[in-house]
Asker: 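Have a look at this one before I ask anything.
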Amino acid sequence: MRIRGRKRLLSKGRHRGHAVATEVEVRHPGGELYGSDRVMLELVTAWARKGHGVSLALGEAGPLEGELTRRGLDYELIPMPVLRGEILRPRRLPGFLLDILQDLVRGLVDRQRGRGPARYISTLTMPSQVIASRLAGRHTVLHVHEAEISRPRLVRAVLSVSALCANTVIANSRFTKDVLLDSWPHLKHKVEVVYNPIDVPNPMPVALPSRRPEELKLLYLGRLSERKGVDLAVRTVIELLNRGLPVQLTIVGSAFRGNEDFEIGLRKLVAMNKVDNKI
């Protein structure tokens, strides 16, 4: 399946009215607007503004498409196997391996097309894209955002094995780099730390309240997943409410595809404790 978005700044970028050959191919697994999505968005925007030819492909549809369109950036939707923790379960692994094989075949076909000389791959979740890029003879840059230190070391090594195939690895923090090197120490000279290029406007200063608020209000903003401790936050607020303390928790976020059961579990936890007016 190939679905094209707006055709303004894709395979042949435009700069001052002149076509520019593709210089970098970008592969991104999702279509949402969380951390790695916004980082990729800012990078592609900057490259396009500087007149570089960018070919962008997303693995899934989502709100990111609207933001790309608003900025005049073109993109494609193409199937890409995305590596999640649950893929390692025996009943799901064979299907995923078949998807990997098909993606590698598509990579060999791309090699015959002679597309851009470099490929930027966003996140560790697309190992076949990294391998296919190297098979096609492209300089491959892998941007690592994941630092799942809570997983067993063997699992972390399996999930990050694609970093071995990249020419250059970018880590979004020193902590991310340390977690990656804990699995693959010999990558030390290949990994560079580049902090997220997110432009956050300076907010207007807000005066602190003159007295202590009657109710403590908490906010969780981000992906709903086990490793981020959202369930711990919910259980903590439930305990505080049961003790009669005035506290309110607002959760803004969603689970990634395939992890919807976690979000359902959070909703059940809140409903069972009858505190949905406070969470």
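Note that these values count all heavy atoms, side chains included, but never hydrogens, waters or copies made by symmetry.
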Asker: What distance separates R156 CZ from L154 CG, expressed to the nearest 0.5 Å?
Answerer: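 So the CZ of R156 and the CG of L154 are separated by 10.0 Å.
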Asker: Counting C-beta onward and ignoring hydrogens, is there a side-chain heavy-atom pair between R223 and V230 closer than 4.5 Å?
Answerer: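 Answer no - side chains too far apart.
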Asker: I'd like to check L68 versus L58 (side-chain heavy atoms, cut-off strictly below 4.5 Å). Are they in contact?
Answerer: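 The answer is yes, as the side chains (C-beta and beyond) meet within the 4.5 Å cut-off.
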Asker: CG/N196 to CG/N172 distance, rounded to the nearest 0.5 angstrom?
Answerer: 5.0 Å
Asker: Is a side-chain N or O of Y34 found less than 3.5 angstrom from the main chain of S254, in a donor-acceptor match?
Answerer: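 Checking the backbone N and O of S254 against the side chain of Y34, a donor-acceptor pair under 3.5 Å is found.
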Asker: Which atom pair, heavy atoms only, marks the closest approach of C165 to I131?
Answerer: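 So the minimum-distance heavy-atom pair works out to SG-CG1, 4.0 Å.
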Asker: Are side-chain heavy atoms of R71 and V44 found at a separation under 4.5 Å?
Answerer: no
Asker: Within this structure, what is the OG-CD1 distance for the pair S162 and I121, rounded to the nearest 0.5 Å?
Answerer: 8.0 Å
Asker: Do V234 and I251 have side chains that get closer than 4.5 Å, going by heavy atoms?
Answerer: yes
Asker: For L56 and L73, run side-chain contact (heavy atoms from CB on, under 4.5 Å): C-alpha distance rounded to whole Å, both residues' side-chain angles, the deciding distance at 0.1 Å, then the answer.
Answerer: CA-CA 9 Å; L56 170 62; L73 299 169; 5.6 Å; no
Asker: Please round to the nearest 0.5 Å and tell me the distance separating atom CD of Q248 and atom CG of L240.
Answerer: 13.0 Å
Asker: Are I264 and L249 co-members of a hydrophobic cluster defined by side-chain heavy atoms under 4.5 Å apart?
Answerer: no
Asker: Taking atom types as modelled, is there a side-chain donor on H28 or D37 under 3.5 Å from an acceptor on the other?
Answerer: yes
Asker: Quick one: do T69 and Y75 satisfy side-chain contact (heavy atoms from CB on, under 4.5 Å)? Show the steps, please.
Answerer: CA-CA 9 Å; T69 300; Y75 62 92; 4.0 Å; yes
Asker: Treating Ile, Leu, Val, Met, Phe, Trp and Tyr as nodes and any side-chain heavy-atom pair under 4.5 angstrom as an edge, say whether F175 and L180 lie in one connected cluster.
Answerer: no
Asker: With side-chain contact (heavy atoms from CB on, under 4.5 Å) as the test, would you mind laying out the steps for D182 and R153 before giving the verdict?
Answerer: CA-CA 8 Å; D182 183 60; R153 187 173 184 179; 3.8 Å; yes
Asker: Just so I know, are the side chains of Y220 and K228 near enough to count as touching, which here means a heavy-atom distance under 4.5 Å?
Answerer: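 Yes; the side chains approach each other to less than 4.5 Å.
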Asker: Identify which one of R138, E25, H143, H139 satisfies the side-chain hydrogen bond (donor to acceptor under 3.5 Å, both in side chains) criterion when paired with Y120.
Answerer: H143
Asker: Looking only at non-hydrogen atoms, find the nearest pair between V54 and A48 and report the distance.
Answerer: CG2-N, 4.4 Å
Asker: Would you indicate whether the side-chain heavy atoms of L41 and T45 approach each other to under 4.5 Å?
Answerer: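 With C-beta onward as the side chain, the pair touches.
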Asker: Do D231 and F262 touch side chain to side chain, with heavy atoms closer than 4.5 Å?
Answerer: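 Yes; the side chains approach each other to less than 4.5 Å.
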Asker: For the residue pair L159 and L124, establish whether any side-chain heavy-atom pair is separated by less than 4.5 Å.
Answerer: no
Asker: If Ile, Leu, Val, Met, Phe, Trp and Tyr residues are connected whenever their side-chain heavy atoms lie under 4.5 Å apart, and connections chain through other members, are I149 and V169 in the same group?
Answerer: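 In one cluster with I149: V169, no.
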Asker: Count I, L, V, M, F, W, Y as connected when their side-chain heavy atoms are under 4.5 Å apart, and connections chain through other members. Are L164 and V179 then in the same cluster?
Answerer: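 No, L164 and V179 fall in different hydrophobic clusters.
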Asker: Let's go through E263 and F256 carefully: what are the C-alpha distance in whole Å and the side-chain angles of both, what is the deciding distance for side-chain contact (heavy atoms from CB on, under 4.5 Å) to 0.1 Å, and is it a yes or a no?
Answerer: CA-CA 10 Å; E263 181 176 346; F256 57 78; over 6 Å; no
Asker: Nearest 0.5 Å, please: how far is OG1 in T140 from CG in L135?
Answerer: 9.0 Å
Asker: Please determine if R38 and E42 form a salt bridge, counting it only when a charged side-chain N lies under 4.0 Å from a carboxylate O.
Answerer: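 No, no charged N to carboxylate O under 4.0 Å.
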Asker: Looking at every non-hydrogen atom in both residues, tell me the closest pair between S183 and A157 and how far apart they are.
Answerer: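 Looking at all heavy atoms of both residues, the shortest contact is OG-N, 3.7 Å.
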Asker: Checking N167 side chain against V141 main chain: does a donor-acceptor pair fall under 3.5 Å?
Answerer: no
Asker: How close do S160 and W184 get, heavy atom to heavy atom, and via which atoms?
Answerer: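 Result for this residue pair: OG-NE1, 3.1 Å.
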Asker: Hey, could you give me the CG/NZ distance between D261 and K268, rounded to the nearest 0.5 Å?
Answerer: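 So the gap between those two atoms works out to 8.0 Å.
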Asker: For E226, does the CD atom sit with more than 12 other heavy atoms under 6.0 Å from it, leaving out its own atoms?
Answerer: yes
Asker: Do the side chains of R243 and E239 get close enough for a salt bridge, i.e. N-O under 4.0 angstrom?
Answerer: yes
Asker: For the residue pair M80 and A57, what are the closest heavy atoms and their distance?
Answerer: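 Between these two residues, the closest heavy atoms are CE-O, 3.4 Å.
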Asker: S133 and R119: which non-hydrogen atoms are nearest, and at how many Å?
Answerer: OG-CB, 3.4 Å
